[in-house]
**Student:** 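I am attaching a structure below and will ask some questions about it afterwards.
Within every chain, numbering begins at 1; the chains are lettered A, B, ... in the order of the sequence lines, protein sequences first and strands thereafter.
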Protein chains: 2
Amino acid sequence: MTETMSDSAIRPRKEFGKTIAADITHRLREEIIACGLAPGEPLRFDVLRERFGVSFTTLREALTALTAEGLVDAQEQRGYRVAPVSRQDLVEVTDARVLIEVELIRRAIERGNDDWEIAVISTLHRLKRIEQRDPEHPLRDPEWKIAHRQFHQALVSACGSATLLAIRAELFDRAERYRHLSANFRPRPRDKAGEHQAIMQAAISRNSDLAVQLIETHIRSTADNVATYAAHLLDTE
Amino acid sequence: MTETMSDSAIRPRKEFGKTIAADITHRLREEIIACGLAPGEPLRFDVLRERFGVSFTTLREALTALTAEGLVDAQEQRGYRVAPVSRQDLVEVTDARVLIEVELIRRAIERGNDDWEIAVISTLHRLKRIEQRDPEHPLRDPEWKIAHRQFHQALVSACGSATLLAIRAELFDRAERYRHLSANFRPRPRDKAGEHQAIMQAAISRNSDLAVQLIETHIRSTADNVATYAAHLLDTE
DNA sequence: CCGAGCCATATTTTCGAAAATCATACCGTT
DNA sequence: AACGGTATGATTTTCGAAAATATGGCTCGG
């Protein structure tokens, strides 16, 4: 409010109790997922230092963390680059997601209590509200992205395993990057709203088999879409 | 050759083409898995700096990587500590391992070629040789640990998914720490040699269902053992 | 003209000091 | 004696310089 624009806009502002490194990790992650940093692009320290206004050390810590998440590729003694994309990697991420998400949905439906139901219903509600606002290009709306992420997160949140939830979140991020990759070339989003609605209903009515089937279809058809419309980005070289 | 003993013995000697940070990450990982650094123990920079002879920055990078692997716990602004153990965490790791390893064994049996069979047979052979040497306390023998790890790795290596193999490796490490935790209190190792032999035979003869069942039993019974003999370490506070 | 070896430059990696933050003990007040 | 606030020491976090390593161009010999 009272600060100058130039400073507050450029300088990384860390939230209370958080380290700058954690903040940079978060910002870099978002930028890589959104393909603001292109797959395979070298991540040079000088450039990043300029862009984020932090030191080597802090950047290195962030890049190390993102390397573990599969979003950055470390080439020892030769720096880092954005993790490249490939058809093979897309298939692997999709398969892994199906394997894990299907299991987590089952467990969540089995164990979910009232709070879980409320979380599923309310996150879907918010998602639909945002979609009404701008039904054409949801992926370009940061709010839609967050709401979408939170809905899928809510669905499995009651699974009871923090370990598997962490793995799931990582795979979700990696998949989301592929969605962004094809977003610019996709003619028109298919009926995601309807799919989400159906998944919610199956989950709340504790219809495990149906929910599992819907989720698997949801994940695989999204991946197929990416493979189709981002083909020219996946087959290169 | 020409260097003084004191230096070459204490200083971390990095292998060709590797960074010191990667080396320290590896050494710290091994030490945490072996419970040389006890679960929950604070990881103070001064102490580690003394012990490994490296700087803050390098340590921080290693600790960041291990945090992502679930072996270290980061408390923002309050440093790091060895990831604590708990009965809940043991259950989660075990469940996740069963879910993933069962799937990978299926895929490996389906896709494995001659090289895969050879790898499975030869890694088991080496494991048995080492067991003959010191059948009492295999976990205390670093060579046994490596051979054991390589046998299980070989079993699933042909699954075709680097993504799932990486996740599996991480869970394997976390589980191995629990095995070490109980190793000192376990009366006597059960017949692991027989189990490994049976798993190998089921895999090579492409008997998927049997291999899956044996692997699941292998993983779960190991975890049960830990839960029993390390109970006093899991229930505290 | 081509290729191997070497020098100069660009870039990463590592370091220890300085700044920021947290934990603890102390003091004064109620 | 209990409580709140503050000063002090311990520890983490961040920084930019220095060392180590890779990259690209150049020369020289074949």
**Student:** Could you list the residues that satisfy ring-ring contact (aromatic ring centres under 6.0 Å, His included) with B:Y229, not counting sequence neighbours?
**Tutor:** none

**Student:** How close or far is atom P of D:dC15 from atom CD of A:E50, stated in whole angstroms?
**Tutor:** 14 Å

**Student:** ring-ring contact (aromatic ring centres under 6.0 Å, His included) with A:H196: which residues, sequence neighbours excluded?
**Tutor:** A:H148, A:F151, A:H152, A:H218

**Student:** Using atom CD1 of B:I20 as one end and atom C1' of D:dA19 as the other, report the distance to the nearest whole Å.
**Tutor:** 10 Å

**Student:** Considering residues at least two apart in sequence or located in another chain, which fulfil the salt bridge (charged side-chain N to carboxylate O under 4.0 Å, His left out) criterion with A:E69?
**Tutor:** A:R29

**Student:** Would one find a side-chain N or O of B:T57 under 4.0 angstrom from OP1 or OP2 of D:dT14?
**Tutor:** no

**Student:** Does OP1 or OP2 of C:dG16 have a side-chain N or O of B:R49 closer than 4.0 Å?
**Tutor:** yes

**Student:** Quickly work out the A:L48 CG to C:dT11 C1' distance and round it to whole Å.
**Tutor:** 13 Å

**Student:** Quickly work out the A:R81 CZ to D:dT23 P distance and round it to whole Å.
**Tutor:** 13 Å

**Student:** For B:H180, I'd like to know if atom NE2 has over 12 heavy atoms of other residues, nucleotides or ligands within 6.0 Å.
**Tutor:** yes

**Student:** Hey, can you pull the donor-acceptor pairs under 3.5 Å for the side chains in residues 161-168 of chain B, sequence neighbours left out?
**Tutor:**
| from | atom 1 | to | atom 2 | distance (Å) |
| --- | --- | --- | --- | --- |
| B:S161 | OG | B:L164 | N | 3.1 |
| B:T163 | OG1 | A:E92 | OE1 | 2.8 |
| B:T163 | OG1 | A:R174 | NH2 | 3.3 |
| B:R168 | NH1 | B:E101 | OE2 | 2.9 |

**Student:** Test: salt bridge (charged side-chain N to carboxylate O under 4.0 Å, His left out). Region: residues 139-161 of chain B. Which pairs qualify, not counting sequence neighbours?
**Tutor:** B:E30-B:R149, B:R133-B:D141, B:R133-B:E143, B:R149-B:D173, B:R149-B:E176

**Student:** Verify the contact: side-chain N or O of B:T58 to OP1 or OP2 of C:dC15, cut-off strictly under 4.0 Å; return yes or no.
**Tutor:** yes

**Student:** Please produce a list of atom pairs where a protein N or O lies less than 3.5 Å from an N or O of nucleotides 6-12 of chain D.
**Tutor:**
| from | atom 1 | to | atom 2 | distance (Å) |
| --- | --- | --- | --- | --- |
| D:dT12 | OP2 | B:F45 | N | 3.2 |

**Student:** Measure NZ/A:K18 against P/C:dC22 and give the value in whole Å, please.
**Tutor:** 14 Å

